[in-house]
Amino acid sequence: MNPPKTDARRHHDPEVRGFASDNYAGAHPEVLAALALANVGHQVAYGEDEYTEHLQGLIRSHFGPTAEAFPVFNGTGANVVALQAVTDRWGAVICAESAHINVDECGAPERVGGLKLLTVPTPDGKLTPELIDRQAYGWDDEHRAMPQVVSLAQATELGTVYTPDEIRALCEHAHAHGMKVHLDGSRLANAAATLNVPMRTLTNAAGVDILSLGGTKNGALFGEAVVVIDQDAVSHMKHLRKLSMQLASKMRFVSVQFEALLARDLWLRNARHSNEMAQRLAEGVRAVHGVEILYPVQANAVFARLPHDVSERLQKRFRFYFWDEAAGDVRWMCAFDTTEEDVDAFVAALKEEMAR
């Protein structure tokens, strides 16, 4: 059978590479192949399809026998649905000041989810039991939003990674206060790859109650999933997902992507590669006088500080974002398709601009 003809045209230069975000990368070829496999015939809509049913077994193999996946469109949607599922209308969520739910979701958890974020500053993006206690009080005070959930990100927004013991300590501390634990796992695969542990070690085995599982940043075309680990912690997840406008009619196309990632080891291969490219980038950058790496490079992100004018010139050659423009801090992200040649070309360009 000949490939179908199309009037679509390529509108970008495929040779252009950047370090702005792992979302800039396309979809992994194995994910695209899985999508094509699912794109034949008819399947029941709204999650009653065979691909979504099969996904549940894969999710249980990675996150324990009680786990259940609810595919959604995007990461913000996953976080909003997950946090709504474990809070009352008067509930609040304790999180790091730098957390994605606080900084990069346009207020969606508060405006759409209707909950309050109680933030604490952290030196490296990671919460501790002591930091949680800065906001873990006032449960009987009707004048204060009630702390009901602790939300942590793995890996964090600063590219740092919690150890299994650190997550377990956070979960035990939160549960002792009667709170649930949500994990923003948009880059959970990268954290697991760094620590060389299964994802279950960082989630259900450590006491996490509900998880936002990332796919897009690790080779999926689109789609994330809310994974409920503690079934007693939530209710009416299907209704919450629909209410939050995160119910895909053709859900098989989200589910089959997770099948491609999780059925074997594609999730791990992709994460290991992007992590290795970040390490290569960090090693190259450390050799450049006048550039400071700000945080430990533990996943696929490198945060650095360099002269503002150098960054502006470098951005004309490679896309990346300022993290704190006033301080001169930038973030460089590697993806599953970042190559050694990409990294070496970027480091060479950085050296040239610093020399100017």
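Positions are given from 1 along the sequence.
- Here the side chains of R241 and P71 are in contact, with some heavy-atom distance below 4.5 Å.
- Here the side chains of V103 and E157 are not in contact, with every heavy-atom distance at 4.5 Å or above.
- Transitive grouping of hydrophobic side chains (ILVMFWY, heavy atoms separated by less than 4.5 Å) keeps W323 and F19 in distinct clusters.
- Remark: aromatic rings of W332 and F318 are distant, center separation not under 6.0 Å.
- Between L195 and Q154 there is a side-chain heavy-atom pair separated by less than 4.5 Å.
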Determine, step by step, whether M237 and V81 satisfy the side-chain contact (heavy atoms from CB on, under 4.5 Å) criterion, reporting the C-alpha distance in whole Å, the side-chain angles of both residues, the deciding distance to 0.1 Å, and the verdict. CA-CA 8 Å; M237 269 297 301; V81 170; 3.7 Å; yes
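- Partner R187 forms a side-chain hydrogen bond (donor to acceptor under 3.5 Å, both in side chains) with one of T194, N218, D22 and no other, that one being D22.
- Inter-residue side-chain proximity for V181 and L170 is flagged as unmet; no heavy-atom pair is nearer than 4.5 Å.
- Under the 4.5 Å side-chain heavy-atom criterion for Ile, Leu, Val, Met, Phe, Trp and Tyr, L213 and Y51 are members of the same hydrophobic cluster.
- Within the 4.5 Å cutoff, the side chain of N190 has heavy atoms near those of the S274 side chain.
- One hydrophobic cluster holds both L83 and V226 under the rule that ILVMFWY side chains link at heavy-atom gaps under 4.5 Å.
- In this structure, NE2 in H62 is found 6.0 Å from CG in L58, a value given to the nearest 0.5 Å.
- The environment of CG in D141 is crowded: more than 12 heavy-atom neighbours from other residues, nucleotides or ligands sit within 6.0 Å.
- Considering all non-hydrogen atoms of both residues, G125 and A96 come closest at O-CB, 3.9 Å.
- In terms of heavy atoms, F222 sits closest to Q257 at O-NE2, 2.9 Å.
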Start with the C-alpha distance between L261 and N270, add both sets of side-chain angles, then the distance that settles side-chain contact (heavy atoms from CB on, under 4.5 Å), and finish with yes or no. CA-CA 9 Å; L261 289 169; N270 285 351; 4.0 Å; yes
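- Pairing each heavy atom of L131 with each of K126, the nearest pair is CD1-O, 3.7 Å.
- Between the CG atom of D337 and the NE2 atom of H273 there is a distance of 7.5 Å, given to the nearest 0.5 Å.
- Hydrophobic clustering of Ile, Leu, Val, Met, Phe, Trp and Tyr side chains at less than 4.5 Å, counting indirect connections, keeps L118 apart from V93.
- Closest approach of N204 and G64 over heavy atoms only: ND2-CA, 3.7 Å.
- Annotation for L202 and V208: closest pair O-CG2, 3.9 Å, computed over non-hydrogen atoms.
- Within the structure, every pair that satisfies the side-chain hydrogen bond (donor to acceptor under 3.5 Å, both in side chains) test and touches residues 342-352, not counting sequence neighbours, is listed here: R17-D342, R280-D344, R317-E352, T339-D342.
- In E312, the CD atom is crowded: over 12 heavy atoms of neighbouring residues, nucleotides or ligands sit closer than 6.0 Å.
- In the displayed structure, E292 atom CD is contacted under 6.0 Å by more than 12 heavy atoms of other residues, nucleotides or ligands.
- Between T87 and G91, the closest heavy-atom pair is CB-CA, 4.5 Å.
- Hydrophobic clustering of Ile, Leu, Val, Met, Phe, Trp and Tyr side chains at less than 4.5 Å, counting indirect connections, unites V256 with L32.
- Counting heavy atoms from C-beta outward, P147 and Q135 have side chains that stay 4.5 Å or more apart.
- Side-chain atoms of C95 and H182, non-hydrogen and from C-beta on, never get closer than 4.5 Å to each other.
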Start with the C-alpha distance between F336 and N300, add both sets of side-chain angles, then the distance that settles side-chain contact (heavy atoms from CB on, under 4.5 Å), and finish with yes or no. CA-CA 9 Å; F336 76 89; N300 62 325; over 6 Å; no
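- Residues passing the side-chain contact (heavy atoms from CB on, under 4.5 Å) test with A282, sequence neighbours excluded: R286, I293, V297, V302.
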Test log, rule side-chain contact (heavy atoms from CB on, under 4.5 Å), inputs T216 and N23: CA-CA 7 Å; T216 310; N23 285 326; 3.7 Å; yes
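- Residues R331 and L158 have side chains not in contact (no heavy-atom distance under 4.5 Å, counting atoms from C-beta outward).
- Partner of T76 under the side chain to side chain contact (heavy atoms under 4.5 Å, CB included) criterion, out of V80, V72, N79: V80 alone.
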